[in-house]
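In what follows, a structure is listed as structure tokens, so that the remarks can point back to it.
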Number of protein chains: 2
Amino acid sequence: MISTETAELRILDAAERLFYGRGLQAVGMDEIRSASGVSLKRLYQLFPSKGELIQAYLRRRDVRWRQKLAAYADARTTPEESILAVFDWLYEWFGEPDYRGCAFSNSFGELGATSPAVAETARAHKEAFFGYLTDLTAAAGKPAPLADHLALLAEGAITTAAITGSAEPARRAKEAARVLLAAA
Amino acid sequence: MISTETAELRILDAAERLFYGRGLQAVGMDEIRSASGVSLKRLYQLFPSKGELIQAYLRRRDVRWRQKLAAYADARTTPEESILAVFDWLYEWFGEPDYRGCAFSNSFGELGATSPAVAETARAHKEAFFGYLTDLTAAAGKPAPLADHLALLAEGAITTAAITGSAEPARRAKEAARVLLAAA
DNA sequence: CGACGAGGAGAATGCCCGTTCTCTCCGCCC
DNA sequence: GGGCGGAGAGAACGGGCATTCTCCTCGTCG
């Protein structure tokens, strides 16, 4: 028998791929079972309901997403460069073949109205991302509103890239960010 | 018996309220029948499937949304003022009690992966909005990339306002737009 | 060696939903 | 008046899905 940790990992990996790729309601527990190779019984032992699995998926994705972003942007030498690197990271993300927009915005649009837990998780994710930009802005010695402006550009790029299927919005957002950064 | 036009209107009104407010998959045809007061038989005569009703809902919303926006922004005396008025209009929209983000982004997130028709409708809506901003930008004698930057700000504000439940993002986006406009 | 408990496979259950069908009624035209 | 076509109400059908249950297997521990 596979270990509990491995089973959890497999389930979360399958759930993330399927939920993100096709939407929360479009994916059934049975499909997650097949994709993960874990029996339905075990699946329900580890995640007592689909709602809890969705929450686990979103929570893990939130942490990983922000870690990857921070690892990429923090590697720059100045706060200004880190700010611009955020948009370079977005560009790489948008280029991934299965890119389909922000998992949290998508989940919010799909279930936010009926599931307070999903709505709150999405809100927390956006707030954490905004907090990161706020830190970078402060480190660069720029006024606080700049963080809001950068967040709006990033958010807009994420949505636009998803719907148009192009990574270009990241480039455009970076141009605008450069102007705002210089003017701030 | 109510006329065909009235029935269609009632159905579309009910569909819009329900689909936008709770999501596409969360609303059943039965609920649209109850809310519209039109029999199921008639509903299926006018819209042969749920998918077609969704398309009709999105198409009507697209037209109306852009008309309202243009009516508001075009009333300004200069192109620059029209551009800034876009964000004022967003502010008013965000303040509506049932505001829940962009119907097209939400629909795309929910069904875009499985329904090419929904994906295409969302894309067309975003493109039309972008076209409007492009026209305003050209009328103001500004370089074309400004339209991309403004679109990203608006898009970001729409998403952020939905998830945070605040209309403030429209204000922040307008500030950034003002800076970009002055710098362009 | 034998009972047992955990685990796997997948059938069963109960519910929801899109779509169609039945039955009935009513207004209209000859 | 009498039949007929369209419309309403709602039941019925078929399928899908979250969740639970059954039955079987197998490793473990006495």
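Which of C/dT19, D/dT19, C/dG8 sits closest to the side chain of A/Ser39 comes down to C/dG8. For A/Leu40, the side-chain atoms get nearest to D/dT20 when compared with the rest of C/dT20, D/dT20, D/dC23.
Rounding to whole angstrom units, NZ of residue A/Lys41 and P of D/dT20 are separated by 12 Å. Taking atom CD of residue B/Glu31 and atom P of nucleotide C/dC17, one finds them 8 Å apart after rounding to whole Å. Atom CZ in A/Arg33 sits about 12 Å away from atom C1' in D/dT19, given to the nearest Å. C/dC17 atom P lies 12 Å from atom OH of B/Tyr44, rounded to whole Å. Between B/Gln45 atom CD and C/dT19 atom C1' there is a gap of 14 Å when expressed in whole angstrom units. Distance, B/Asp30 CG to D/dA11 P: 10 Å, rounded to whole Å. Atom P of nucleotide C/dC15 and atom CE of A/Met29 are separated by 19 Å, given to the nearest angstrom. The interatomic distance linking B/Leu46 (CG) with D/dA7 (C1') rounds to 12 Å, in whole Å.
Counting heavy atoms from C-beta outward, A/Trp93 and A/Ile158 have side chains that approach closer than 4.5 Å. Side chains of B/Val86 and B/Leu136 form a contact here, defined as non-hydrogen atoms less than 4.5 Å apart.
In this structure, B/Glu175 pairs ionically with B/Arg172, as a charged nitrogen and a carboxylate oxygen lie closer than 4.0 Å. Salt bridge absent: B/Glu92 and B/Lys68 never bring a charged side-chain N and a carboxylate O closer than 4.0 Å. Remark: A/Arg171 does not engage A/Glu168 in a salt bridge, criterion side-chain N to carboxylate O under 4.0 Å.
Results of the side chain to side chain contact (heavy atoms under 4.5 Å, CB included) test with B/Ile32 over B/Leu40, B/Val27, B/Val38 single out B/Val27 as the only residue that passes.
Cation-pi geometry between B/Arg66 and B/Tyr132 is not satisfied (NZ or CZ under 6.0 Å from the ring centre, within 45° of the ring normal).
For B/Lys50 and C/dG18, a side-chain-to-base donor-acceptor distance below 3.5 Å is absent, hydrogens and geometry of angles not being considered.
Fit an axis to the five pairs at each end of the helix from C/dC1-D/dG30 to C/dC30-D/dG1 and the two axes sit 30° apart, to the nearest 10 degrees.
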